[in-house]
Structures are given as structure tokens and as C-alpha cells.
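Heavy atoms only: backbone and side chains are in, while hydrogens, waters and symmetry mates are out.
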Amino acid sequence: MTTSGSQKTKTATVRFSATIDTLGSSTLVRLPDQASRQLPSRGQVAVRGSINGHEFRTVLEPDGDKGHWMKIDPGLRQSAHLNPDDHVTVTLETTPNWPEPEVPEDLSAALASAPPKVTDIWDDITPMARWEWVRWINATANPVSRQRRVEVTISKMSSGKRRPCCFDLSACTDPTLAKNGKLRQET
């Protein structure tokens, strides 16, 4: 096991079979318990891998119950010809090299108008830390709470904070897919 930043990485490859699932408008794969147990964290984990031979790079999300799930983006879904209920073979390898998160428009606008100290911190923190900020902001469906989180992000970075605090990193935080911090089961 090697360490990079705060994610310990295992060099072993994780292989499993699973079924493509839909939850709301999202297409995803739930990792079997045995596969999740091989990962270095109960929280988000950066991986590279393949699904039915089609390569991808992503960040696995925690399901709030000591497991993980992977959202399948439309590009991968199309190139791998994936449909709900398809049985797939997945190969994963953790990586210390996190992809950049998709920064939501409200946070992007706040960062663009923030003092240079904030943008310097944003540029200096790791992609993993940027994922945590984005995840924390995206974890609420309430527009007022969301706006407050964007403001708090800028305020915390203004005071030198490099990561959000005080939220459960092993919870499922997607408000469209989670109930009480756990990935919903119904399809």
C-alpha cells in the first residue's frame, strides 16, 4: 500500500460483476460488498478502470453503508452500450491522481469574484480537496442552504481553510439519490 495525499492506494486490482442500475435519472453500478472492502476508504476513492472493456477514470462515491457506487456518465454509457439491468464486468484500480471535479456554476462564479487569497488556495489544494468542497456544496437540494454553503466555502478559504469540515465523508451526499445519508435502494 502506498500513500499519496490523504488517500492510501492499494496496487491490487479489484474485479467484480454487477448489474447496471438506474436511480432517478442516474445510471450507476453498486459495488458488491467484497469489492468495496478491498478499497482503501469508506469515503470517495479515485479509480481508473474498465467496464466491459471500456476504460474510464472516475471517483467512486460512498453509499453510506460501508460500500461504494459509481455513476456512469452518458459518454461511457453510450460507448460501452450500457443499459439498465445489463450484467457487466468491472475492473478497478485505485489511483492517487484524482480527476478534477466538475465545479458547479454557483461555486465557479463565487471563486471568480473571490479575493486572490481564495483563488490561490483553490488552485493550490489537491483535486481530492476540491472534490470535498464540491461534494459538500452539492449535498443539499435546498437553494438557500446551497447558497449559504457557497458563501461559507469562500469565507473558510478566506481564513485559510483548505477543506470543509464537519460532514460524514462516508455518507451518500447526492440529495437526488440518498435518504438519510444512504444510497436509496429502489430503482
Side-chain angles (χ1 to χ4, degrees), residues 7 9-10 12-108 127-128 130-143 145-146 149 167-187:
Q7 177 174 314
T9 58
K10 293 183 179 183
T13 300
V14 178
R15 289 184 179 86
F16 61 91
S17 295
T19 302
I20 301 294
D21 197 4
T22 56
L23 194 54
S25 62
S26 296
T27 302
L28 55 97
V29 170
R30 298 169 195 261
L31 275 68
D33 291 342
Q34 183 178 1
S36 272
R37 282 194 299 271
Q38 294 178 58
L39 298 172
S41 169
R42 297 298 58 124
Q44 291 182 303
V45 179
V47 296
R48 64 178 169 244
S50 67
I51 187 166
N52 286 356
H54 294 267
E55 293 185 6
F56 62 85
R57 230 180 120 196
T58 194
V59 174
L60 300 177
E61 293 288 335
D63 67 5
D65 200 24
K66 298 182 182 174
H68 294 86
W69 61 279
M70 178 179 92
K71 188 175 256 183
I72 299 175
D73 68 52
L76 179 59
R77 184 176 176 184
Q78 185 176 10
S79 68
H81 307 287
L82 302 174
N83 295 299
D85 298 323
D86 283 356
H87 194 69
V88 295
T89 301
V90 180
T91 303
L92 301 174
E93 184 178 307
T94 58
T95 176
N97 303 316
W98 283 58
E100 285 296 328
E102 185 175 320
V103 180
E105 288 181 26
D106 50 359
L107 177 57
S108 184
M128 180 183 191
R130 287 190 284 273
W131 271 89
E132 287 180 15
W133 284 112
V134 168
R135 186 170 180 237
W136 180 66
I137 289 167
N138 285 339
T140 182
N142 180 308
S145 296
R146 183 184 178 90
R149 286 185 183 196
F167 78 105
D168 183 357
L169 295 174
S170 67
C172 181
T173 58
D174 185 324
T176 64
L177 303 177
K179 182 174 181 178
N180 299 324
K182 294 187 179 194
L183 183 65
R184 292 192 332 254
Q185 292 300 313
E186 63 267 9
T187 57

Restricting to non-hydrogen atoms, name the atom on [X] and the atom on [Y] that form the minimum distance, rounded to 0.1 Å.
X	Y	value
Pro99	Pro127	O-CB, 3.9 Å
Ser36	Leu31	OG-CB, 3.7 Å
Phe16	Leu92	CE2-CD1, 3.7 Å
Thr22	Pro84	CG2-CG, 3.5 Å

What's the separation between atom [atom1] in [X] and atom [atom2] in [Y], rounded to the nearest 0.5 Å?
X	Y	atom1	atom2	answer
Met70	Ser26	CE	OG	12.5 Å
Ile20	Asn83	CD1	CG	8.5 Å
Leu60	Thr94	CG	OG1	9.5 Å
Asp21	Arg184	CG	CZ	10.5 Å
Glu102	Trp131	CD	CH2	8.5 Å
Arg135	Cys172	CZ	SG	7.5 Å

Less than 4.5 Å apart, side chain to side chain, heavy atoms only: is that true for [X] and [Y]?
X	Y	result
Lys66	Ser170	no
Phe56	Val47	yes
Leu177	Glu61	no
Arg146	Asn138	yes
Pro104	Val134	yes
Asp65	Leu183	no
Thr27	Leu82	no

**Asked** Should the pair His81 and His54 be assigned to parallel (<30°), tilted (30 to 60°) or perpendicular (>60°) ring geometry?
**Response**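 Perpendicular, since the angle between the ring planes exceeds 60°.
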Do side-chain atoms of [X] reach the backbone of [Y] as a donor and acceptor pair under 3.5 angstrom?
X	Y	value
Arg48	Asn97	no
Trp136	Thr173	no
Asn52	Thr89	yes
Trp69	Pro62	yes

**Passing option when His68 is tested against Arg37, Arg42, Gln44 for side-chain contact (heavy atoms from CB on, under 4.5 Å)** = Arg42
**Asked** Around Asp85, counting heavy atoms of other residues, nucleotides and ligands shown, do more than 12 lie under 6.0 Å from its CG?
**Response** no
**Request:** Check the pair Lys71 / Thr58 against side-chain contact (heavy atoms from CB on, under 4.5 Å), numbers first and verdict last.
**Result:** CA-CA 9 Å; Lys71 188 175 256 183; Thr58 194; over 6 Å; no
**Request:** Flag the pair Glu100 and Arg130 as a salt bridge only when some basic side-chain nitrogen lies within less than 4.0 angstrom of an acidic carboxylate oxygen.
**Result:** yes
**Asked** Is any NZ, NE, NH1 or NH2 atom of the basic residue among Asp63 and Arg30 found under 4.0 Å from an Asp or Glu carboxylate oxygen of the other?
**Response**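 Salt bridge: no.
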